[in-house]
Q: 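Below you'll find the structure I mean.
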Amino acid sequence: MTGFPEVRMRRLRQHPGVRKLVQETRFSVENLIYPLFVRHGRDVRSEIAPMPDIFQLSLDQLITEVGEAADLGVEAVLLFGIPESKDPEGTEAYEPGGIIQEAVRAIKQALPEMLVITDVCLCEFTDHGHCGIIKGDKIDNDATLELLAKMAVCQAEAGADIVAPSAMMDGQVGALRTALDQEGYEDTPIMAYSAKYSSGFYGPFRIAAESAPQFGDRTGYQMDPPDVQQAMREIELDIQEGADIVMVKPALAYLDVLAAAKQKFGYPLAAYNVSGEYSMVKAAAQNEWIDGRRITLEILTAIRRAGADMIITYHAKEVARWLNGGR
Ligand code: PBG
């Protein structure tokens, strides 16, 4: 009995209950992290044109939004900040009164159970929009490390549960680990954006976070899309430097990288279902060219199937609603 007609693969597909029993990949709202954009002011809820249902939020609105997410079962958020003013060194990023730090404190006060992850990168805070500080015509890797470390400590002081360095500076994970340990935050995990590609899929995010580079691009520090072995080296180095969770970003066009990373390292693995991936689905769904709900769930399932343990996604709230049986 090695083949047809004794073997019929369709037998397992006839009953929805059977399909569920044999289902190999599952995801639930517990695997999702909801990214949020925070800005100064009161009662601000400004739309981000390419990202329907995602807003720049002032602290009061942020609390409402995080409360709604919590009610739906979303247990983790990732914070990005838009500062009052930008300068060459991204000063607000590492001031106690900086927008991310304020947001962490506000969430921790209103919803202490919510897991708060903070982005550690200067691009939203620098006037030139690069992820590090500039010397001559270059991003100065080593000088940037000091500022990223300061930023992470500042966020930890404000109450961040996990810090997530995304600047793609060499040595950033080690620099953060050393600084956090020195300041008594040895229990604060680092979620490292290890394999972060220089991607066109970040376009809508840069509108949302007002963080587009004012000259040049990020190809000098973010990874080149064709490279996968290099991604393995990046991940390996981050693990050696003390990363607790590693990440591949973007997700959908990099499922092979996710699969390779999970297989090679068996390490806690995050995938970032980025802004451009979200915008494409939303735009096509609004045109009724695709079934947005079906495709969103299919994409998130694929990201999990490729090996991601957790997914950072702008779809978090709607997916939670769907999984809870809502529309
Ligand atoms: C850098 C950062 C970026 C994203 C997350 N962190 C943008 C970039 O590298 O230009 C993009 C996320 C997305 O597109 O959703 N701080």
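Every number for a ligand or one of its atoms is a count from 1 in the order of the listing. Just so it is clear, the values below take in all heavy atoms, side chains as well, and ignore hydrogens, waters and symmetry mates.
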Q: Can you pull out every side chain to side chain donor-acceptor pair (under 3.5 Å) where at least one residue sits in residues 153-177? Sequence neighbours excluded, please.
A: Lys108-Asp161, Thr118-Gln155, Asp119-Ser166, Arg177-Asp181
Q: Applying side chain to side chain donor-acceptor pair (under 3.5 Å) as the test, list every pair that has at least one member in residues 268-280; sequence neighbours left out.
A: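 Those involving residues 268-280 are Tyr272-Tyr314, Asn273-Glu277, Asn273-Thr313.
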Q: Looking at Gln61, Arg45, Glu47, Glu210, which hits side chain to side chain donor-acceptor pair (under 3.5 Å) with Gln56?
A: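 Answer to the side chain to side chain donor-acceptor pair (under 3.5 Å) test with Gln56 among Gln61, Arg45, Glu47, Glu210: Glu210.
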Q: Let me check something: any side-chain donor-acceptor pairs from residues 18-26 under 3.5 Å, sequence neighbours excluded? List them with distances.
A:
{"unit_1": "Arg19", "atom_1": "NH1", "unit_2": "Arg13", "atom_2": "O", "d": "2.7"}
{"unit_1": "Gln23", "atom_1": "NE2", "unit_2": "Thr25", "atom_2": "O", "d": "2.9"}
{"unit_1": "Arg26", "atom_1": "NH2", "unit_2": "Lys20", "atom_2": "O", "d": "2.9"}

Q: Going by an N to O cut-off under 4.0 Å, is there a salt bridge joining Glu92 and Lys86?
A: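 No, Glu92 and Lys86 are not salt-bridged.
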Q: Could you pull out every protein residue that has a heavy atom closer than 4.0 Å to ligand 1, ordered by chain and then number?
A: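 Answer by chain and number: Phe80, Asp119, Cys121, Cys123, Glu124, Ser166, Lys196, Phe201, Tyr202, Phe205, Arg206, Arg218, Gln222, Lys249, Tyr272, Val274, Ser275, Tyr314.
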Q: Salt bridge check: are Glu318 and Lys282 linked by an N-O gap of less than 4.0 Å?
A: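 Counted as a salt bridge, because a side-chain N and a carboxylate O are separated by less than 4.0 Å.
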